[in-house]
Amino acid sequence: MNYIIVTGASKGLGKSITQKLMCRENHLICISRKENKELLDSAKNNNLMLDYIEYNLNDVKGIEEMMSKIFSKISKEHIQTLTLINNAGIVAPIKPLDKSTSGEIIKNVNINLIAPMILTSSFIKMSNGLDIKKRIINISSGAGKRPIFGWGSYCTSKAGIDMLTRCTGLEQEDKNYPVEIASFGPGIMDTDLQKEIRSSDKNDFKSLETFVKYKEEGKLSHPDKVADVVIELLNSEDFQQGGVIDVDDFQ
């Protein structure tokens with residue numbers, strides 16, 4: 001059995017990844033603030049293994065306990081591969097740092113960076129000694145590679161995700177049973193996050209018109225298409241340890 005943990009599975013890219021990975025060989029464990037009934041019903045109707053955990057990743061102090069409960073239900077005798085896809089993320093606050101509240105900044109960094117760090121740490125510790133293929137894919141962003149006006153929290157947290165990936169890959173190189181890890185930039189997708197960006201205040205986000213044009217000109221990728229690339233990366237025999245990869249690398 002292939003065990004696959006997906007955060008932010010209720011919508012967007014996380015939902016598409018989950019749907020495409022639903023099969024008899026896979027046991028999916030979905031984590032999001034609210035469960036997706038469509039995914040649960042689909043799994044039930046097709047007799048597929050899918051567990052759903054409603055959890056707000058802003059509550060970073062409880063993540064390790066949640067992971068302990070997940071690993072307690074994983075059958076070590078029948079496991080073939082183990083995967084963590086850190087997909088959950090938020091873009092808000094969309095405004096300059098001096099206009100952002102401390103609560104908004106903390107929430108962004110908690111969900112986008114601290115939660116994936118703790119999930120990654122827990123995954124490595126709790127899978128230690130398992131001589132199987134173990135992989136982590138961190139969903140990053142091009143925003144982590146360049147400054148964008150009004151996205152101080154988002155750019156910073158996504159830059160942190162890329163560095164987390166590099167450091168973890170380096171730390172795992174000499175392990176007997178290493179965890180392989182890569183950071184993946186999905187590009188611009190037609191999701192609720194993009195709707196939120198387009199509804200922001202142009203005084204707080206100077207690139208607003210550019211993102212509006214992305215939608216008008218049909219330049220937003222469908223999450224299903226990007227999910228195919230994530231799965232291709234997940235199953236790749238040429239997996240770059242600690243790599244920071246972009247969707248364009250697969251085109």
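FYI, the numbering just counts along the sequence from 1.
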So, does [X] use its side chain to make a donor-acceptor pair with the main chain of [Y] at under 3.5 Å?
X: K134; Y: T83; answer: no
X: S72; Y: K69; answer: yes
X: S100; Y: P96; answer: yes
X: N36; Y: L39; answer: yes
X: S121; Y: M117; answer: no
X: E104; Y: T101; answer: yes
X: N235; Y: I231; answer: yes
X: T168; Y: L164; answer: yes
X: N108; Y: I105; answer: no

Residue of the set L113, I111, V109, I114 for which side chain to side chain contact (heavy atoms under 4.5 Å, CB included) holds with V60: I114
Candidate list I161, I139, T120, T165, test side chain to side chain contact (heavy atoms under 4.5 Å, CB included), partner N86, passing option: T120
Identify each donor-acceptor pair in which a side-chain atom of residues 207-216 lies under 3.5 Å from a protein atom, sequence neighbours left out, and give them as a table.
unit_1	atom_1	unit_2	atom_2	d
K215	NZ	D190	OD1	3.2
K215	NZ	D190	OD2	2.9

Donor-acceptor pairs under 3.5 Å, side chain of residues 175-184 to any protein atom, not counting sequence neighbours: which ones?
unit_1	atom_1	unit_2	atom_2	d
E180	OE1	R135	NE	2.8
E180	OE1	R135	NH2	3.4
S183	OG	D162	OD1	2.6

Salt bridge flag under 4.0 Å for residues D201 and K95: no
Side chain to side chain contact (heavy atoms under 4.5 Å, CB included) between L28 and M22, worked out: CA-CA 7 Å; L28 286 148; M22 288 173 66; 3.4 Å; yes
Pairwise ring-ring contact (aromatic ring centres under 6.0 Å, His included) hits with a residue in residues 53-101, at least two apart: none
Atom pair [atom1] ([X]) and [atom2] ([Y]), whose distance is rounded to the nearest 0.5 Å:
X: I70; Y: E65; atom1: CD1; atom2: CD; answer: 11.5 Å
X: K145; Y: S141; atom1: NZ; atom2: OG; answer: 7.0 Å
X: N2; Y: C23; atom1: CG; atom2: SG; answer: 7.5 Å

Looking at [X] and [Y], what are the two nearest heavy atoms and their distance?
X: I94; Y: F205; value: CG2-CB, 3.7 Å
X: Y154; Y: I90; value: CD1-O, 3.2 Å
X: I136; Y: N138; value: CG2-OD1, 3.7 Å

All salt bridge (Lys or Arg N to Asp or Glu O under 4.0 Å) counterparts of D41, not counting sequence neighbours: K37
Partners meeting salt bridge (Lys or Arg N to Asp or Glu O under 4.0 Å) with K219 (sequence neighbours left out): E217
Criterion salt bridge (charged side-chain N to carboxylate O under 4.0 Å, His left out) on D228 and K20, from CA distance to verdict: CA-CA 8 Å; D228 286 334; K20 288 178 176 292; 3.1 Å; yes
Compile the donor-acceptor pairs under 3.5 Å between side chains in residues 3-10 and protein atoms, sequence neighbours left out, one pair per line.
unit_1	atom_1	unit_2	atom_2	d
Y3	OH	S75	N	3.2
T7	OG1	N87	N	2.9
T7	OG1	A88	N	2.9

Trace of the side chain to side chain contact (heavy atoms under 4.5 Å, CB included) decision for M49 with R24: CA-CA 7 Å; M49 298 294 291; R24 297 196 183 280; over 6 Å; no
Test salt bridge (charged side-chain N to carboxylate O under 4.0 Å, His left out) applied to D51 and K73, step by step: CA-CA 10 Å; D51 292 326; K73 296 181 180 179; over 6 Å; no
Minimum side-chain heavy-atom gap M66-L119 below 4.5 Å: yes
Any I132 side-chain heavy atom under 4.5 Å of L82 side chain: yes
NZ/K133: more than 12 non-hydrogen atoms of other groups inside 6.0 Å: yes
